[in-house]
Structure formats: C-alpha cells, structure tokens
Amino acid sequence: MRRFAYLLAPLLLAAAGCTATTEQPERPAPATRAERPSPFADCTPLTVAPAAASPTSPGKAVSPTLAGKAGDQLPDLTLNCFTGGTPVSLRDVKGPAVINVWASWCPPCRKELPAFQRLSERADGRFQVIGVNSRDSRGGAQSIGEDYGVDFPMLLDQGDAFQRALGRNAFPLTVLVGADGRIRHTDATGALDDARLAALLQRHLGVRV
C-alpha cells in the first residue's frame, strides 16, 4: 500500500497542476472609446458683450404679439451648448450678434456655412456669430462642423423651439440682433454669401465687414 501511495502521489500533483494552469486570467475591461472633440467653440462668451462692439440704434417698437419681428427681444428660451456646460438663455446673449439656424441635412445651410465661418473670423470683437443647430442629430452637426471647418459657438435646438418662438419655419434662417438684445432683421431668403452678409450687417447693425 505504501508503495502504491508513492506511485499515486505524482499523478495527483500533476493533475492538480494541470487544473491550476487551465484557469483563465481575468481580462481587462475594454477601453471606452473617447468621443471626438467638438469642432465648435465654447458658449460661455455668448453672454459677454463683444469687446469692440459699438451700440446700434434702437429698433422701432412693434406689437408684442408679432413674435420674431424687428424690435422684439430674443425669445425667452434656454438652449444647450454643443460643447456642454451651462445652458445658455437667449435673453442673456449679448449683441450685436448674427444667429444662423441650420441643419446638416439642409443643402442651402451647408452652402452658406463657410460664409458664416469667414464672417466670424472677421468679427474682431465687434459682434458675435452664433450657430443654432436645429432638428438635427449630434453626429450630423459634428461631421459638418469638422468637414467645413466651422468653429464658432453652437447651440442645440433639436425641437426647433427657437424657430417656433420666432414664428418661422425655414432653413436656413438668419437673425441679426442689436447691442440691446433686440432683433434687427430676420432673413429666410436662402443661402447667404459673403457679400449679402456684409450688406445685411451694415444695413441692420451698422457694422462694416
């Protein structure tokens, strides 16, 4: 029996060793894929008056029932910023400002975006260029921003609340806002180019670009 036990012991140890080596090591959790950085700027400066802004003359008062007309305040809405952070109340936006409402699925919107980007680069602290991405997906807006090199601040309005508050249902839509926060002009004539934008700013905001 003792001799049999000596012969059996190596077999038991070998079996135990085999069992131990077949255990699989714990696999590390898969790394979370990092989100692409936003092409758009932060929205915090929107509530700070442009450094070199000159006051625009007050607009003609209109009936408060005529939403979105010249002389009205911006709608009492709060929109999220594409980059996150504190949502922005439109009533707190400091003018002069050019607000461009657009969507990635809208061909005229895509056509005019480069002109708004160039306008933002020529602002020189005199006015703000602000985007409102409406009825769109975050991925669609991100891709267009990257492809077209658009980097001005972008607000999100997936339920088109801004347009409804203005009584407008058009893409693209451009709203010019004076230094007093009141609407000077709303344009829904289609894709705007550099010359048309320059003419609108000079006429309605008194700014030459």
Side-chain angles (χ1 to χ4, degrees), residues 38-50 67-70 72-121 123 127-179 181-193 196-197 200-201 204-205:
S38 167
F40 309 114
D42 182 68
C43 298
T44 302
L46 299 185
T47 57
V48 179
K69 303 298 182 181
D72 283 354
Q73 284 186 301
L74 284 171
D76 188 12
L77 291 173
T78 298
L79 299 177
N80 290 324
C81 182
F82 195 95
T83 59
T86 304
V88 176
S89 169
L90 295 183
R91 290 282 174 90
D92 292 337
V93 169
K94 303 299 183 184
V98 181
I99 302 176
N100 176 237
V101 183
W102 68 285
S104 64
W105 45 262
C106 160
C109 300
R110 296 196 301 270
K111 182 178 180 180
E112 71 175 8
L113 271 175
F116 280 91
Q117 175 60 31
R118 290 189 291 270
L119 183 67
S120 73
E121 294 167 359
F127 57 89
Q128 307 200 71
V129 175
I130 306 166
V132 175
N133 182 245
S134 180
R135 300 187 207 170
D136 206 353
S137 67
R138 185 179 180 87
Q142 171 99 15
S143 295
I144 292 297
E146 293 169 342
D147 293 345
Y148 287 72
V150 176
D151 63 7
F152 48 82
M154 193 64 58
L155 299 173
L156 294 174
D157 184 20
Q158 295 178 332
D160 75 344
F162 183 47
Q163 287 168 291
R164 285 187 283 110
L166 294 176
R168 300 298 183 112
N169 185 27
F171 283 87
L173 183 68
T174 299
V175 181
L176 303 184
V177 181
R182 293 188 177 275
I183 295 171
R184 292 285 172 265
H185 177 73
T186 302
D187 190 281
T189 58
L192 300 175
D193 57 18
R196 178 67 175 148
L197 276 173
L200 289 173
L201 261 72
H204 299 287
L205 297 182

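Source: prediction; values computed, not measured. By convention here, the first residue in the shown sequence is residue 1.
The nearest pair of heavy atoms linking Ile144 to Leu113 is CG2-CD1, 3.5 Å.
Within the 3.5 Å criterion, the main-chain N or O of Ala97 finds no donor-acceptor partner in the side chain of Gln128. Under the 3.5 Å distance criterion, the side-chain polar atoms of Ser120 are matched with a main-chain donor or acceptor of Gln117. Formation of a donor-acceptor pair under 3.5 Å by the Trp105 side chain with backbone atoms of Arg135 is found in this model. No donor-acceptor pair closer than 3.5 Å links the side chain of Arg168 to the backbone N or O of Asp187.
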Given Leu74 and Ile183, is the side-chain contact (heavy atoms from CB on, under 4.5 Å) satisfied, shown in steps?
-> CA-CA 7 Å; Leu74 284 171; Ile183 295 171; 4.2 Å; yes

Full working for side-chain contact (heavy atoms from CB on, under 4.5 Å) between Val129 and Asn100 = CA-CA 8 Å; Val129 175; Asn100 176 237; 5.8 Å; no

side-chain contact (heavy atoms from CB on, under 4.5 Å) between Leu201 and Leu119, intermediate numbers included | CA-CA 10 Å; Leu201 261 72; Leu119 183 67; 4.0 Å; yes

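Under the side-chain hydrogen bond (donor to acceptor under 3.5 Å, both in side chains) criterion, Ser38 pairs with no residue at all, not counting sequence neighbours. Partners of Ala161 under the side chain to side chain contact (heavy atoms under 4.5 Å, CB included) rule, at least two apart in sequence or in another chain, are Leu77, Asp157, Arg164.
Atom CD of Glu121 sits in a crowded spot, with more than 12 heavy atoms from other residues, nucleotides or ligands closer than 6.0 Å.
Here Asp147 does not pair with Arg110 in a salt bridge; the nearest charged N to carboxylate O distance is not below 4.0 Å.
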N/O donor to acceptor pairs below 3.5 angstrom from side-chain atoms of residues 39-49, sequence neighbours left out:
| unit_1 | atom_1 | unit_2 | atom_2 | d |
| --- | --- | --- | --- | --- |
| Asp42 | OD2 | Thr44 | N | 2.9 |
| Asp42 | OD2 | Thr44 | OG1 | 2.5 |
| Thr47 | OG1 | Thr44 | O | 3.3 |

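Contact of the Pro75 side chain with the Phe162 side chain is registered, since non-hydrogen atoms from C-beta on lie closer than 4.5 Å.
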